[in-house]
Peer 1: 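Below is a structure I'd like to ask you about.
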Amino acid sequence: MAEGGARVELRGVGVRYANGTADAVHAVDLTIDAGTFAVLLGPSGCGKSTLLRTINRLVEPTAGTVLIDGADARARPATELRREIGYVIQAVGLFPHYTVAENVAVVPRLLGWDEARIRERVDELLGLIRLDPERYRDRRPRELSGGEAQRVGVARALAARPRVLLMDEPFAAVDAIVRASLQDEIARVHRELRTTIVFVTHDVDEALRLADRIVVMNAGRVVQNGPPDDILERPADDFVRELVGVDAETRRLALERPLIER
Amino acid sequence: MAHLGTHVALAGTALVVALALGIPLAGLTADRAWPRAVLLALAGGFRVVPSLAILMLALPLLGLGFGPALLALVVLALPPILVNTDVGLRSVPRATLEAARGTGMTERQIGLRVRWPLALPVVAVGVRTATVEVIASATLAAFIGGGGLGDYIVGGLQTSDFSELLLGAVSVALLALAADSALALTQRKLAI
């Protein structure tokens, strides 16, 4: 797998759950260019996580097609696809019976890399997310703080050099200071690797801080898709205006105060 | 010594059979609502039926001896194994399984590398409970001619020989304690 990102295209993607009458996601058309940091922003229940999970087929769309660099995601086994797409979740989900190094090595092992290459890659990744390999390699997840655990979660997702990284509210469970530093880290990692990142959040500040493009969702539909400036200055409708408007006020105020109070 | 041998053979066989039945069965039903409800109801049922009653019920079907005693002990050993396997598998956090799926593990790999290893400490507690119960209850086999250390107790009761009765009771207790300590050690090694 090469460095850099892949283009992700959703064509008419819909998700209807077996028991549901309403669609969780309704005919979404969305193109995310290679190397873009795209943020899916919206209130809880708007379908943003469901939409994200159609990209690595943890949710199978009931309508439409997902294309990764032009190739239909359904063209090969879901497990094979997922090994080439990083996935980070809010609850982190590190394997408690594995060390940090073993957690990071999960996907390379699934792909059958040799042990020397895996060891080298693990240290490289721990360096990338700024955890000293000597100190952290052999720790267990229960010995990590929330912020450290999520760094390892990110390292695990990046281990096999995926060209797409999916992040589902990854920093929502940590406190504000740690969140800010994790946001800095992921922004830096994105600058270094140019991986295509699709990042789900309900936090407008976070979206504005990280995104090249913001995709605003409401009730299973995309209501606006554009660069952060556009979303702030030219909200497409009242929903978007209200979503960013109130928060834009707070954000301006917040920026005038030191980080620690945010 | 022959009594001790029979006792260990009886308890050991009962445990092996209960493990071989219980663990896969609970594994199969853990994620299926209906089968799981049936299994847990059965486990609850088995738990409240006194082993002596099962022993007596087995008599007309299997006759006297090792066979019916074994059946009664398997029934006795199953509930803790079934319930703990079920609880162990279901207590693996959803996030852990979601993350495992997200890395591209197959369902089989998720089971072998993540779910079962994480369930194992809880399963081990069930095995330990079952072991102690089976060793203690194998004593009852003597009542239907199944042999074992219970023979001392039955014999002691019939002849009012207190020391013989005591020999049986104490040796059963020691055997159960020894097995329990051995399993406690193993369990500590499994802890995550």
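The sequence lines fix the lettering, A, B, ..., with proteins before strands; numbering per chain opens at 1.
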Peer 1: Hey, are the side chains of D168(A) and E98(B) touching, using non-hydrogen atoms and a 4.5 Å cut-off?
Peer 2: no

Peer 1: I need the minimum non-hydrogen distance between V106(A) and M105(B), along with the two atoms involved.
Peer 2: CG1-CE, 3.6 Å

Peer 1: Less than 4.5 Å to any heavy atom of chain B: does that hold for the side chain of R57(A), its backbone, both, or neither?
Peer 2: neither

Peer 1: Could you tell me whether the side chain of R101(B) reaches within less than 4.5 Å of the side chain of Y87(A), counting heavy atoms only?
Peer 2: no

Peer 1: Measure distances from V88(A) to the heavy atoms of chain B and classify the residue's part below 4.5 Å as side chain, backbone, both or neither.
Peer 2: neither

Peer 1: Non-hydrogen atoms of chain A under 4.5 Å away: do they reach the side chain of Q109(B), the backbone, both or neither?
Peer 2: side chain

Peer 1: How many angstroms lie between CZ in R94(B) and CD1 in I89(A), if you round to the nearest 0.5 Å?
Peer 2: 10.0 Å

Peer 1: Please classify the contact between L166(A) and chain B as side chain, backbone, both or neither, with a heavy-atom cut-off of under 4.5 Å.
Peer 2: neither

Peer 1: Is it the backbone or the side chain of L81(A) that comes under 4.5 Å from a heavy atom of chain B, or both, or neither?
Peer 2: neither

Peer 1: Can you tell which part of R113(B) gets under 4.5 Å to a heavy atom of chain A, answering side chain, backbone, both or neither?
Peer 2: both

Peer 1: How about E80(A): does its CD atom have over 12 heavy atoms from other parts shown lying under 6.0 Å from it?
Peer 2: yes

Peer 1: What residue in T103(B), T96(B), T106(B) has the most heavy-atom pairs under 4.5 Å with chain A?
Peer 2: T103(B)

Peer 1: Should the heavy atoms of other residues, nucleotides or ligands under 6.0 Å from CZ of R32(B) be counted, would the total exceed 12?
Peer 2: no

Peer 1: Please report the closest heavy-atom contact between A99(B) and R156(A), naming both atoms and the distance.
Peer 2: CB-NH2, 3.4 Å

Peer 1: Where do R82(A) and G104(B) come nearest, in terms of heavy atoms and distance?
Peer 2: CB-CA, 3.6 Å

